[in-house]
Amino acid sequence: MVSRGLRSRITFSCVALLVASALQVTGQAQHSGPQSNRAEHGREFLGLGPVPDLAAAARGQKLFVQSCGFCHGNNATGAEGPDLLRSTLVLHDDRGELLGRFLHTGRPEKGMPAFAGLTDAQSYDIAEFLHARVEQAANRFGYKMQNVLTGNAKAGQEYFNGKGRCTQCHSPTGDLAHIAGKFEPADLQAQFLYPADPPPSKVTVTSAAGQTVSGTLKRIDDFTISMYDSSGIFHSWPRDSVNVEIDDPLRAHRELLSQYTDADMHNLLAYLVTLK
Ligand code: HEC
Ligand code: HEC
């Protein structure tokens, strides 16, 4: 299996680029007030903050998957970076103020990059996603992303078959049949934004002498590339001695990330939850 760490490294540069554009695209996101569709009873008693703004949380999820997910996990429960649902900084945050200030500087010396260009609206959206996740993980009040299922399933189906070109690789009666039974809506959204356990990447390595070996990528970093060829034999080279071509199975998903509008995401999710 390809480790998440591996994927992080492969996609890091691309994702970093994406981040810049994506953060711009969603920069105009509107603040809508907190939704009062859940009882505020007992929130203070349980030490919970304000009710998360679920519309903001949905926008924040997209930003998070794009900009933070490969280090912190798409659902924020940790990967190479820490589990953010246990972060005191997140717990003490109120509407993105503390988080926003932290993200502007990051902790580069500890591997947490600075996101200097993040707007207040974006920090707010990401914070609301994290707050919603904290509550969801604790399962308090039975928080469900269903509350934010405002999309139109029919429009989602059209997007799936048309503009999204999902049918190139998926079928609602084949691999995605019953997908809604496998994931809660919030996790389903994270899955289609950026699937958590992608199949291993195919790689072709060409040496300076022109010799070519193709196979399954094991690991790549700044110094070494390693792989198994088609007969299962392990190979490894110093990174700078060879030319490397990686065929990332999730390329389509990465490209889609910068194309979804908020409406596309809501509609797609509304459609996918019908695949019971
Ligand atoms: C390249 C990997 C990477 C990316 C990208 C990244 N983080 Fe981090 N993050 C880390 C690491 C590593 C730490 C732990 C730093 C430390 O040890 O102090 C961290 C720490 C944090 C913390 C502090 C946790 C605590 O309680 O101390 C928060 C909050 C956080 N990240 C949020 C985010 C958000 C939100 C994003 C996206 C906008 C993001 N991170 C993107 C790697 C990353
Ligand atoms: C070029 C191929 C390709 C395209 C186009 C594509 N996907 Fe994927 N998708 C994959 C691969 C590869 C995976 C990871 C393997 C897997 O889980 O099936 C994946 C995984 C998924 C998963 C998780 C499935 C699971 O069982 O966990 C969902 C949901 C999904 N894609 C939805 C979509 C949607 C919606 C679209 C269109 C907007 C789309 N995909 C477009 C290749 C593609």
Side-chain angles (χ1 to χ4, degrees), residues 4-5 7-9 11-13 15-16 18-19 22-23 60-61 63-74 76 78-93 96 98-118 122-123 125-127 129-130 133 156-172 174-183 187-202 247-257 259-260 264-265 267-269 271-273 275:
R4 177 178 296 277
R7 192 187 75 216
S8 309
R9 266 179 290 273
T11 54
F12 185 83
S13 53
V15 174
L18 259 178
V19 170
L23 291 179
Q61 178 168 29
L63 287 173
F64 190 88
V65 168
Q66 273 174 293
S67 319
C68 327
F70 54 94
C71 287
H72 291 287
N74 280 351
E80 285 188 357
D83 180 345
L84 295 181
L85 308 190
R86 294 161 186 274
S87 155
T88 44
L89 195 150
V90 170
L91 291 176
H92 289 149
D93 173 80
L98 196 58
L99 183 70
R101 250 181 286 142
F102 169 75
L103 292 174
H104 282 164
T105 51
R107 281 185 206 137
E109 74 287 357
K110 297 247 176 98
M112 169 64 203
F115 291 84
L118 217 60
Q122 291 167 338
S123 298
D125 287 351
I126 293 175
F129 166 63
L130 291 174
R133 284 288 298 137
Q157 183 174 22
E158 277 163 21
Y159 185 85
F160 188 94
N161 293 318
K163 206 168 157 225
R165 313 215 308 195
C166 313
T167 48
Q168 274 189 327
C169 305
H170 299 291
S171 153
D175 68 324
L176 294 187
H178 316 300
I179 187 84
K182 282 208 274 175
F183 299 103
D187 296 333
L188 186 52
Q189 175 158 311
Q191 263 315 85
F192 81 72
L193 288 178
Y194 205 85
D197 283 306
S201 296
K202 296 284 169 220
D247 183 9
D248 173 3
L250 290 184
R251 180 175 315 187
H253 277 264
R254 246 195 301 114
E255 287 169 1
L256 280 161
L257 272 178
Q259 291 166 25
Y260 298 121
D264 293 337
M265 284 197 303
N267 294 340
L268 256 184
L269 184 60
Y271 170 57
L272 291 176
V273 298
L275 305 179

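Remember, it's 1-based here, ligands and their atoms both numbered in the order they're listed.
Nearest residue to atom 43 (C) of ligand 1 from A127, C71, G78 is C71 (criterion: closest heavy atom). In the candidate list G111, C68, S87, G100, C68 is nearest to atom 37 (C) of ligand 1, counting heavy atoms. In this comparison of E80, R107, H92, H72, the heavy atom closest to atom 27 (O) of ligand 1 sits on R107.
Side-chain contact between L188 and L269 is present, with at least one heavy-atom pair separated by less than 4.5 Å. Residues L193 and N74 form no side-chain contact, since every pair of their non-hydrogen atoms from C-beta on lies 4.5 Å or further apart. Using a 4.5 Å heavy-atom cutoff, the side chains of R86 and L91 are not in contact. Taking 4.5 Å as the limit, some side-chain heavy atom of S201 sits within range of a side-chain heavy atom of P249.
Ranking the protein heavy atoms by distance from atom 12 (C) of ligand 2 puts P249 O, 3.5 Å first. Of the protein's heavy atoms, Q191 NE2, 3.6 Å lies nearest to atom 23 (C) of ligand 2. For atom 15 (C) of ligand 2, the nearest protein heavy atom (residue, atom name, distance) is P199 CD, 3.7 Å. Considering only non-hydrogen protein atoms, atom 25 (C) of ligand 2 sits nearest to I179 CD1, 3.6 Å.
A side chain to side chain donor-acceptor pair (under 3.5 Å) with Q61 holds for exactly one of Q66, Q189, R133; it is Q189.
Close contacts of ligand 2 with F183, meaning ligand atoms under 4.0 Å from a residue heavy atom, involve 27 (O). Against a heavy-atom cut-off of under 4.0 Å, R165 is close to the following atoms of ligand 2: 5 (C). Less than 4.0 angstrom separates some heavy atom of Q168 from each of these atoms of ligand 2: 5 (C). In summary, the atoms of ligand 2 found under 4.0 Å from a heavy atom of Y260, numbered by their order in the structure, are 38 (C). Those atoms of ligand 1 that come under 4.0 Å of a heavy atom in F115, given as number and element, are 37 (C), 38 (C), 39 (C), 41 (C). Heavy-atom proximity to L256, at under 4.0 Å, picks out these atoms of ligand 2: 37 (C), 38 (C), 41 (C).
At a heavy-atom cutoff of 4.0 Å, ligand 1 is contacted by the side chain of L84 but not by its backbone. Counting heavy atoms closer than 4.0 Å to ligand 1, residue L103 contributes side-chain atoms (C-beta onward) but none from N, CA, C or O. Of the heavy atoms in L99, only side-chain atoms (C-beta onward) come closer than 4.0 Å to ligand 1. The proximity of Y271 to ligand 2, defined as any non-hydrogen pair under 4.0 Å, does not occur for either the backbone or the side chain.
Using bins of under 30°, 30° to 60° and over 60° for the plane-to-plane angle, the ring pair H253/H170 lands in the perpendicular bin. Taking the six-membered ring for Trp and thresholds of 30 and 60 degrees, F64 and F129 have ring planes inclined between 30 and 60 degrees apart.
Sorted by chain and number, the protein atoms of type N, O or S within less than 2.8 Å of atom 8 (Fe) of ligand 2 are H170 NE2, H253 NE2.
Rounding to the nearest 0.5 Å places CG of L272 at 7.5 Å from SG of C166. Taking CG of L89 as the start and CG of L103 as the end, the distance is 8.5 Å to the nearest 0.5 Å. Rounded to the nearest 0.5 angstrom, D125 CG and L118 CG are separated by 9.5 Å.
For atom 17 (O) of ligand 2, the nearest protein heavy atom lies 4.0 Å or farther away.
Judged by distance alone, the side chain of N161 and the main-chain N or O of Q157 form a donor-acceptor pair under 3.5 Å. Judged purely by atom type and a 3.5 angstrom limit, H72 has no side-chain atom pairing as donor or acceptor with the backbone of D83.
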Legend entry - Steps toward side-chain contact (heavy atoms from CB on, under 4.5 Å) verdict (Y159, N267): CA-CA 8 Å; Y159 185 85; N267 294 340; 5.8 Å; no

Inset, instruction - Could you walk me through whether F192 and Y260 pass the side-chain contact (heavy atoms from CB on, under 4.5 Å) test, one step at a time? - result: CA-CA 11 Å; F192 81 72; Y260 298 121; 3.8 Å; yes

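Counting non-hydrogen atoms of other residues, nucleotides and ligands closer than 6.0 Å to NE2 of H104 gives a total above 12.
Taking only nitrogen or oxygen atoms, main chain and side chain alike, K182 reaches within less than 3.5 Å of ligand 2.
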